[in-house]
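Heads up: the structure comes next, in C-alpha cells.
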Amino acid sequence: MADHPALPNWYRSEYTTMLATRDVQAILLALKDRGWSQRGMADITGMRQGEISAIIHGRKVMSVAVLERIAEGLKIPLGRMGLGWSVGTRPDAPVPDLIKHSIARMIGDESYEHVNYLLEPSPEFDRIGTNDAVAFNKYFLAIQRLEQEVSGQLVPAQALIRQLQRILRADMSEAVRARLAPMEGWINSFAGWCATDQRDYDLAMSHFSTALEIAGKYNDELGKCRALFSAGKTEMHFGEAEQALKLYQLAVVPASKIQSNLYNAGLAAHSAWAVSRLKDRDTQHIKRYIGHTWESYGQVKPEREYEDMMSFFNQTDILAVTGQAQVVTSPDLAIKDLTTCLKQRKPGSRSAAFEHATLAHAYLEAGSGDTAVETGRKALTLISGVQSGRKAVRLAPLKSAAYKYGTRDMTDLAEEIRRIN
C-alpha cells in the first residue's frame, strides 16, 4: 500500500460537526486539505476513486454499510459518527460521546471529548459478558432519549442493529444471550419510529415487521407490545386511524401478559386519540378509553415496568394524548389536559412545540379565537427549531380548523402553516 499523509486526530473540535452529522463530503475535503489524493482516499476506504469523487462533489452517503466502511478505513471512532458501541465499557460509564455530539447545540462542548465509550471501531467481538449487555442497553436508551428530544437517530439505530447482529455471533453465556437477542427486535421497533419521523412509511413498516418476527422467535411479549404500539402510532401519523386502532387492540394481549399497566394506559390513551379521528367517532367511546387510561395508570408500579420506561411515557405524555383525543369533542377538557401537560413538559422539547399547536386547535374549537392565534403563533415559533418530518402532519388539524374559522388572523395562521414542509 502506498504511503499516505497522516490521518487527522478525529477528537479535535474542528471535526466534531462533520462527524456528528455524518457529512462525508466535509470529511473527505478535510483529508484533501491535509494532502490526501482521491486515489489515496479510495485506497484506504476500499472504495473506487469514482465514488470518492462523486461524494466530494456532493453525493450523499446514506448507507450504514458504506458509512461503516469509511469510518473504519479512516480510523474514525464509530461512536463519533453514531455508528457503534464498544465492548468492554463499564455499565456506569458516562453517556456516550455520540449522544453529546450528534446535535448541533452540543457542538464545541469539550467536556465530553474523551469519555470511555466508542474509542475504536469494533467490527467483531470475542466474548460478551453481563456488563457489556448492561452497557449496550444503556447506549440504546441514550439514543432513544435523544430521538425523543431532537430526532434524527435512524442511521444510529440501523447501525446498532447491524452491530448487535455481530455481537450475537460472539461467545457469551445463555443468560447474556437471552438478554441481548430480543433487543434486536426492540431496536427495529425504534428504527421504525425513527423512519416514521422521516416520513418513510414503507421503511418503518419493514422495521416493525422484523421486530414482530424477532419477538415471535423469542416469545418476547414486551417486544410484541413495542412493535404493535409503535406501528399503531405510525399509522396514526399517516392518517390511518382505523388501522392504528386495530394495532392498539392487538397490543393489549402482550401488554396484559407482561402485566404492564403502563403499556395498558398508553394503549388506551392512543386508542382514544384514534377513535377521535374516525369519521363516525363516538364521544362516549373516547371517554371510556380515557377513563381506562387513568385507571391503568393509577395501578402502575414502576418496579414492574421495563427499566426506564417511565422516562419515555409518563403522566405528561398521557395528558398530551388525552388532550389530543378531546380537542373536537370536549375542547375545554382538552385545554385542561394540554395546559397541565405543558406545565410539566421540559421547555424547548420537540413534544412541547407540537403540543402548543394542539392546544391552539383546542382553543379554536372552544371559540377562543384570540387565544388560539396567540398560542398558534407560539407553536410555529417553537416548531421552526424542530427537526422532524412530521411537522406538517402534526400541524394539519390546526391548519384545517384555522381555514374553516375564516377570520383574517386565522387565515394568515393557516397560510403560515401551509408553508411549513
Please determine whether side chain to side chain donor-acceptor pair (under 3.5 Å) holds for the pair Glu374 and Tyr363, giving the CA-CA distance in whole Å, both sets of side-chain angles, and the decisive distance to 0.1 Å.
CA-CA 10 Å; Glu374 180 184 351; Tyr363 277 126; over 6 Å; no
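- For the pair Ser209 (side chain) and Met205 (backbone), a donor-acceptor distance under 3.5 Å is absent.
- With Asp197 as the fixed residue, the side-chain hydrogen bond (donor to acceptor under 3.5 Å, both in side chains) test singles out one of Arg350, Gln153, His237, Lys391: Arg350.
- Geometrically, Arg199 engages Phe238 in a cation-pi contact, judged by NZ or CZ lying under 6.0 Å from the ring centre and within 45° of the ring axis.
- With a 4.5 Å cut-off on side-chain heavy atoms, Leu245 and Tyr289 count as touching.
- Atom CG of Asp33 has more than 12 neighbouring heavy atoms from other residues, nucleotides or ligands inside a 6.0 Å radius.
- With Ser256 contributing its side chain and Gln259 its backbone, the two residues share no donor-acceptor pair below 3.5 Å.
- At a cut-off of 3.5 Å, with distance as the only test, a side-chain donor of Arg394 or Gln324 sits close to an acceptor on the other residue.
- Here Met183 contributes atom CE and Leu164 contributes atom CG; the two are 7.0 Å apart, rounded to the nearest 0.5 Å.
- Listed here is the closest heavy atom pair of Ala357 and Ala379: N-CB, 3.5 Å.
- In this structure, Gln315 and Trp294 have side chains that are in contact, with non-hydrogen atoms separated by less than 4.5 Å.
- Side chain of Asp132 to backbone of Ile128: no donor-acceptor contact under 3.5 angstrom is found.
- Contact detail for Ile214 and Asn188: the closest heavy-atom pair is CD1-ND2, 4.0 Å.
- Of the possible polar contacts, one joining the Thr322 side chain to the Leu319 backbone as a donor-acceptor pair under 3.5 Å is found.
- Proximity of a side-chain donor or acceptor of Ser384 to a complementary backbone N or O of Thr381 within less than 3.5 Å is detected.
- Trp273 places no side-chain N or O within donor-acceptor distance of the main-chain N or O of Met236, the cut-off being under 3.5 Å.
- When side chains are defined from C-beta on, Phe190 counts as touching Phe140, because their heavy atoms get closer than 4.5 Å.
- For the pair Ser400 (side chain) and Ala396 (backbone), a donor-acceptor distance under 3.5 Å is absent.
- Remark: Ser271 OG to Lys246 NZ distance equals 13.5 Å, nearest 0.5 Å.
- Of the possible donor and acceptor atoms, none in the side chain of Lys399 sits under 3.5 Å from a partner among the backbone N and O of Arg418.
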CA sep, side-chain torsions, deciding dist, call: Arg166, Glu68, salt bridge (Lys or Arg N to Asp or Glu O under 4.0 Å)
CA-CA 13 Å; Arg166 292 196 293 265; Glu68 286 181 343; 3.7 Å; yes
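- Here CZ of Phe136 is found 6.5 Å from CD of Gln163. Values are rounded to the nearest 0.5 Å.
- Under the 4.5 Å side-chain criterion, counting only non-hydrogen atoms from C-beta, Glu365 is not in contact with Thr329.
- A donor-acceptor pair under 3.5 Å is absent between the side-chain atoms of Arg288 and the main chain of Thr283, judged by distance alone.
- Atom CZ in Arg179 sits 8.0 Å away from atom OG1 in Thr130 (nearest 0.5 Å).
- Inter-residue side-chain proximity for Pro8 and Leu31 is flagged as met; some heavy-atom pair is nearer than 4.5 Å.
- In terms of heavy-atom proximity, Ser189 sits nearest to Ala227 at OG-CA, 3.3 Å.
- Under the 4.0 Å criterion applied to side-chain N and carboxylate O atoms, Asp317 and Arg345 are assigned as salt-bridge partners.
- Interatomic distance, CG of Leu29 versus CH2 of Trp36, reported as 14.5 Å (0.5 Å rounding).
- In this structure, the separation between CD1 on Ile143 and CZ on Arg145 is 11.5 Å, given to the nearest 0.5 Å.
- With hydrogens and angles ignored, the 3.5 Å screen pairs a side-chain donor or acceptor of Asn261 with a backbone N or O of Gln299.
- The heavy-atom pair separating Gln165 from Glu184 by the smallest distance is NE2-OE2, 3.0 Å.
- Looking at every heavy atom in both residues, Ile290 comes nearest to Ala272 through CG1-CB, 3.9 Å.
- Counting non-hydrogen atoms of other residues, nucleotides and ligands closer than 6.0 Å to CZ of Arg34 gives a total above 12.
- The side-chain tip of Lys233 points at the ring of Trp193 from less than 6.0 angstrom away and within 45° of straight on.
- Contact record, Thr316 with Gln344: OG1-OE1, 2.8 Å, taken as the closest heavy-atom pair.
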Tell me which donor-acceptor pairs under 3.5 Å the side chains of residues 404-411 have, and how far apart each pair is, sequence neighbours excluded?
from   : atom 1 : to     : atom 2 : distance (Å)
Thr407 : OG1    : Met410 : N      : 3.2
Thr411 : OG1    : Thr407 : O      : 2.9

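- Heavy-atom contacts from other residues, nucleotides or ligands closer than 6.0 Å to CD of Glu415 number more than 12.
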